[in-house]
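Note that these values count all heavy atoms, side chains included, but never hydrogens, waters or copies made by symmetry.
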Amino acid sequence: MVYFFVGFLISFTSLIEIFSKNKNFRNIFFIISLIALLIIVSFRDGSSVGIDSPTYFNAYKFQLSGFEIGYNFLNNLFSKAAINYNIFIFFINCLAIFNIAKFIRRNSHYYILPIFIYFSDFFLYYNMSGVRQAIALSFTALSISYIFNKKKKLALFYIVLASLFHVSSLIFLLVLFIPTKKLSAKNYIKLIIGFGV
């Protein structure tokens with residue numbers, strides 16, 4: 001019920017944002033939406049709510065290290081300090097949601113509508129269950145801004161950082177090779193063959 005209510009609230013305020021030109025409204029409800037997401041994800045029962053949650057909870061409880069380096073480091077850092085698991089969940093989701101918020105502010109005229117899309121498509125699975133994927137997704141999203149601004153070294157840094165939480169992020173390296181100029185048919189064929197290889 002809470003998820004439905006928050007989803008309704010964010011969707012309703014995103015409609016208001018589209019028709020309203022008030023920047024204060026947009027900024028205030030953007031922050032409120034982010035806080036609502038953090039509250040939802042942080043105060044749940046991290047041991048059972050979410051498909052992958054028991055695995056992450058046990059890794060935290062027993063300091064298991066079967067994940068990528070970045071996640072193992074944070075998991076064991078908090079676990080060895082005997083910090084409550086929900087505080088750990090809050091911390092890693094602050095990291096992920098901060099990155100997503102930064103991405104939205106850099107790349108969208110609207111703020112609340114992209115949060116609603118994120119909530120609908122990614123949040124309920126990645127942040128609630130696939131924690132490593134949420135962190136990795138947030139870093140790859142940040143890399144997009146740097147790719148558009150032709151700062152490929154920074155983009156590469158964020159993609160590699162994402163891979164420290166989920167190795168599948170490395171597939172995002174292909175984005176670095178997408179051409180920004182109009183291509184001839186011959187170059188399209190070369191590009192397709194290159195991606196295929």
* Asked: Can you tell me if Glu17 uses its side chain to pair, donor with acceptor, with the backbone of Phe25 under 3.5 Å?
  -> no
* Hydrophobic cluster identity match, Phe57 and Leu77, side-chain contacts under 4.5 Å -> yes
* To the nearest 0.5 Å, how far apart are CD1 in Ile159 and CG in Leu154? -> 11.0 Å
* Looking just at side-chain N and O atoms, do Asn127 and Tyr118 make a donor-acceptor pair shorter than 3.5 Å? -> yes
* Begin with the C-alpha distance, continue with both residues' side-chain angles, and end with the deciding distance and a verdict on side-chain contact (heavy atoms from CB on, under 4.5 Å) for Phe103 and Ser138. => CA-CA 8 Å; Phe103 166 75; Ser138 73; over 6 Å; no
* To do: Return the minimal non-hydrogen interatomic distance between Ser33 and Ile115, and the atom names on each side.
  => CB-CG2, 3.9 Å
* Asked: Do Arg105 and Asn27 come close enough that some side-chain heavy atom pair is under 4.5 Å?
  -> yes
* Structure fact -> Between Ser108 and Pro114 the two heavy atoms that sit nearest each other are OG-CG, 3.6 Å
* Structure fact -> Closest non-hydrogen contact found for His166 with Ala136 is CB-CB, 3.7 Å
* Closest contact, heavy atoms only, Asn76 versus Ser65 -> ND2-CB, 4.3 Å
* Structure fact -> The ring-ring contact (aromatic ring centres under 6.0 Å, His included) partner of Tyr85 among Phe43, Phe91, Tyr60 is Tyr60
* Same cluster or not: are Phe73 and Ile92 linked, directly or through other Ile, Leu, Val, Met, Phe, Trp or Tyr residues, by side-chain heavy atoms under 4.5 angstrom apart? -> yes
* **Validation row, ring centre Tyr56 to ring centre Phe67 under 6.0 Å** => yes
* Side chains of Leu137 and Phe172: does their closest heavy-atom pair fall under 4.5 Å? -> no
* Asked: Could you give all pairs that pass the salt bridge (Lys or Arg N to Asp or Glu O under 4.0 Å) test and reach residues 119-142, with sequence neighbours left out?
  -> Glu68-Arg132
* Atom pair CZ/CG of Phe90 and Leu95 - distance to nearest 0.5 Å -> 11.5 Å
* Under 4.5 Å between any side-chain heavy atoms of Asn72 and Ile69, yes or no? -> no
* Would you mind reporting whether Ile83 and Phe88 have side-chain heavy atoms less than 4.5 Å apart? => no
* Kindly indicate whether the side chain of Leu156, heavy atoms from C-beta on, has any atom under 4.5 Å from the side chain of Leu173. => yes
* To do: Run the numbers on Phe30 and Ile104 for side-chain contact (heavy atoms from CB on, under 4.5 Å), then give the verdict.
  => CA-CA 10 Å; Phe30 182 61; Ile104 289 169; 4.1 Å; yes
* Sidechain-backbone polar pair: Ser143 side chain, Thr140 backbone, donor-acceptor under 3.5 Å -> yes
* Residue pairs, two or more places apart or on separate chains, that pass salt bridge (Lys or Arg N to Asp or Glu O under 4.0 Å) and touch residues 29-45 -> none
* **Atom CZ of Phe8 with >12 non-hydrogen neighbours under 6.0 angstrom** => no
* To do: State yes or no: are the ring centers of Tyr71 and Phe165 separated by less than 6.0 Å?
  => no
* **Point-to-point distance, once rounded to the nearest 0.5 Å, from CZ of Phe29 to CD1 of Ile32** => 4.5 Å
* To do: Please check if the side chain of Asn149 supplies one atom and the backbone of Lys151 the other of a donor-acceptor pair under 3.5 Å.
  => no
* Between Ser145 and Asn107, is any side-chain donor less than 3.5 angstrom from a side-chain acceptor? -> yes
* To do: Nearest 0.5 Å please: distance from the CG atom of Leu64 over to the OG atom of Ser79.
  => 9.0 Å
* Are Val2 and Tyr126 co-members of a hydrophobic cluster defined by side-chain heavy atoms under 4.5 Å apart? -> yes
* **Minimum heavy-atom distance Ile147-Ala155, with the two atoms named** => CG1-CB, 3.5 Å
* **Any side-chain heavy-atom pair of Ile10 and Leu37 under 4.5 Å** => yes
* Asked: Under a single-linkage definition using a 4.5 Å side-chain heavy-atom cutoff for Ile, Leu, Val, Met, Phe, Trp and Tyr, are Leu38 and Leu9 assigned to the same hydrophobic cluster?
  -> no
* Only one of Asn93, Val41, Ile51 passes side-chain contact (heavy atoms from CB on, under 4.5 Å) with Met128; say which it is. => Val41
* **Asn99 side chain reached by Tyr158 side chain, heavy atoms, under 4.5 Å** => no
* Counting only N and O atoms by type, is there a donor-acceptor contact under 3.5 Å from the side chain of Arg106 to the main-chain atoms of Ala101? -> no
* Rounded to the nearest 0.5 Å, how far apart are CD1 of Ile16 and CG of Leu113? -> 13.0 Å
* Gap separating the SG atom of Cys94 from the CD1 atom of Ile87, nearest 0.5 angstrom -> 11.5 Å
* Would a distance-only check, ignoring hydrogens and angles, find a side-chain to backbone donor-acceptor pair under 3.5 Å from Ser129 to Asp52? -> yes
* May I ask you to check whether over 12 heavy atoms, not counting those of Leu176, lie within 6.0 Å of atom CG? => yes
* Asked: Hey, any chance Ile117 and Phe5 share a hydrophobic cluster, counting ILVMFWY side chains that come within less than 4.5 Å of each other, even indirectly?
  -> no
* **Partners passing side-chain hydrogen bond (donor to acceptor under 3.5 Å, both in side chains) against Asn75 (at least two apart in sequence or in another chain)** => none
* In sequence, state the C-alpha distance, the side-chain angles, and the governing distance for Leu164 and Phe139, and then conclude on side-chain contact (heavy atoms from CB on, under 4.5 Å). => CA-CA 10 Å; Leu164 297 178; Phe139 282 121; over 6 Å; no
